[in-house]
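Here is the structure we will look at.
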2 protein chains.
Amino acid sequence: MAEHAQFEELARQLSAIGAVKRDMGRILPPACPSGTAAVLTLLGRHGDMRMSKLAELLAVDMSVTSRHVAHAADRGWIERSPDPADKRSRILRLTASGRAQLDELSRLTVDLLAERLSDWADEDVARLTQLMARLRESFDCRPAPRLTPAATAPPSATGTTAAPFVAPQTTRTPA
Amino acid sequence: MAEHAQFEELARQLSAIGAVKRDMGRILPPACPSGTAAVLTLLGRHGDMRMSKLAELLAVDMSVTSRHVAHAADRGWIERSPDPADKRSRILRLTASGRAQLDELSRLTVDLLAERLSDWADEDVARLTQLMARLRESFDCRPAPRLTPAATAPPSATGTTAAPFVAPQTTRTPA
DNA sequence: TATTGTTATACTCTATAACTATA
DNA sequence: TATAGTTATAGAGTATAACAATA
């Protein structure tokens, strides 16, 4: 467990990281703001999915997701087809045009990072990325405030060897 | 220099870190949103300063700074006194009430981080904080796109021994 | 009755531009 | 003429609540 001052400093850095995000946002095409870009990125990375799944990955309310998706669909980057299994749902899918837009986004952001981080060691980029991912995990998975009977009972061996303690329900969110 | 895929992943993490920031924002007092909290934090950390200096530390436009400061001043957390040296400027200063509010903010954020990051090693918290700080530095200091005559001429020795190459104008920003 | 998704409304943060008062 | 700061306006992101269609 870290000290008080360390957490204060981390909080400050979290607050200030917004400046970097704004810088990244400024290089995006006017028709594709950051919210839309995130939608395209996640669809490209995880493949077709429903609105609710995308909202979970984005870690925002579904109403927000709906607007970003509508924006992308209006521009022909996403196709919303009805889900045969559940007529309330819609399956989201990148179009060829959407894939092209995503490639362009990737080029822009990678170029910017490559320029700004030109003096960074490979290793440090990887470490920062990993630690940021872990930070998100630590925030998303809240360890169920109330104790369950199973949590106090001895580990009745389900076969997994790599789980030292109990792994509480995770309600994981982004990716 | 890192690879393409590594930069893509870092960009994704930067985009997704917003979820953590939103979580942090949700615990703030209704009267003190994140923008105001950042103002109080920087005044507490760096002491009295002018609007323009605060805007630089926040890395936002001064118009934005002005609104956050006005919000804090309206609540008695900040005092704006005229600068004797330049009547256009105003010196910002935390009041006792502002200090109390800042202490409360610190308590809230540190408690949240301590809970969420309870299983983090001290070392990892420090590493993440350092890398985020370095990321901001790498973004803020842009190495003057155009070459200056001085940059190509031999180092005509101004006395500094610790500057291996040219240190271009930095327009540094946050802190 | 519960869930999926959409839309309306409101709030926060930010940037640009116009304006004032000084320098 | 240029700079420090304020204010008005506009745009993006998000959350809550009300709503429609379906489970």
Side-chain angles (χ1 to χ4, degrees), chain A residues 14-39 49-75 78-92 173-174, chain B residues 14-39 49-75 78-92 173-174:
Chain A
L14 275 170
S15 163
I17 205 67
V20 173
K21 295 190 65 177
R22 288 194 294 278
D23 258 33
M24 298 275 297
R26 276 187 261 273
I27 64 166
L28 297 177
C32 187
S34 65
T36 306
V39 164
M49 66 183 79
R50 306 197 308 175
M51 290 290 310
S52 53
K53 175 65 176 173
L54 180 57
E56 185 186 316
L57 291 176
L58 287 169
V60 296
D61 191 87
M62 194 155 56
S63 66
V64 177
T65 306
S66 183
R67 287 196 7 170
H68 291 326
V69 166
H71 181 89
D74 287 348
R75 276 150 191 80
I78 286 179
E79 185 185 82
R80 287 179 285 192
S81 44
D83 184 344
D86 186 339
K87 289 180 185 171
R88 296 172 303 178
S89 292
R90 301 228 244 174
I91 304 293
L92 307 177
T173 304
Chain B
L14 275 170
S15 163
I17 205 68
V20 173
K21 294 190 66 179
R22 287 194 294 278
D23 259 30
M24 298 275 297
R26 275 187 262 272
I27 64 165
L28 297 177
C32 187
S34 66
T36 306
V39 164
M49 66 183 81
R50 306 198 308 176
M51 290 288 312
S52 52
K53 174 65 176 174
L54 180 57
E56 186 186 314
L57 290 176
L58 287 169
V60 297
D61 191 87
M62 193 155 58
S63 65
V64 177
T65 307
S66 183
R67 286 199 6 172
H68 291 325
V69 166
H71 182 88
D74 287 347
R75 277 150 191 80
I78 286 179
E79 184 186 82
R80 287 179 286 192
S81 44
D83 184 344
D86 185 339
K87 289 180 185 169
R88 295 172 303 179
S89 291
R90 300 230 245 173
I91 304 292
L92 307 177
T173 305

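Each chain gets a letter, A, B and so on, in the order its sequence line appears, and its residues count up from 1.
Running 5' to 3' along DNA chain C, contacts with non-hydrogen atoms of chain B at under 4.0 Å begin and end at C:dT12 to C:dA23.
Checking D:dA4, D:dT6, D:dT22 against every side-chain atom of B:M51, the shortest atom distance belongs to D:dT6.
Mapping B:R88 and A:R88 onto DNA chain D via the closest heavy atom, the residue that lands nearer the 5' end is B:R88.
Taking atom NZ of residue B:K21 and atom P of nucleotide D:dA15, one finds them 14 Å apart after rounding to whole Å. The distance from atom CD1 of B:I78 to atom P of D:dG5 is 13 Å, rounded to the nearest whole Å. Distance, B:D61 CG to D:dA8 P: 16 Å, rounded to whole Å. In this structure, B:E56 places its CD atom 16 Å from C1' of D:dG5, rounding to the nearest Å.
The side-chain hydrogen bond (donor to acceptor under 3.5 Å, both in side chains) pairs that include a residue from residues 57-67 of chain B are B:D61-B:S63, where partners are two or more places apart or lie in different chains.
For D:dA12, the OP1/OP2 oxygens have no side-chain nitrogen or oxygen of A:R22 closer than 4.0 Å.
Contacts of B:S81 classified as side chain to side chain contact (heavy atoms under 4.5 Å, CB included), with partners at least two apart in sequence or in another chain: B:I91. Judged as a side chain to side chain contact (heavy atoms under 4.5 Å, CB included), and not counting sequence neighbours, B:K87 has no contacts. Every residue meeting the side chain to side chain contact (heavy atoms under 4.5 Å, CB included) condition with A:P33, not counting sequence neighbours, appears here in chain and number order: A:T36, A:H71.
Other residues, nucleotides and ligands contribute more than 12 heavy atoms inside 6.0 Å of the NZ atom of A:K21.
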* To do: Apply the test side-chain contact (heavy atoms from CB on, under 4.5 Å) to residues A:K53 and A:L92: give CA-CA distance (whole Å), side-chain angles for both, the deciding distance (0.1 Å), then the verdict.
  => CA-CA 10 Å; A:K53 175 65 176 173; A:L92 307 177; over 6 Å; no

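In this structure the side chain of B:L58 never reaches within 4.5 angstrom of the side chain of B:V64, judged on heavy atoms.
Residues from residues 62-71 of chain B that place a heavy atom under 4.0 Å from any atom of DNA chain D, listed by number: B:M62, B:S63, B:S66.
The shortest non-hydrogen separation linking A:S89 to A:R50 is OG-NH1, 2.8 Å.
Using a 4.0 Å heavy-atom criterion, one finds that A:D83 contacts no nucleic acid atom at all.
Distance alone, capped at 3.5 Å, places no donor-acceptor pair between the B:R75 side chain and the B:C32 backbone.
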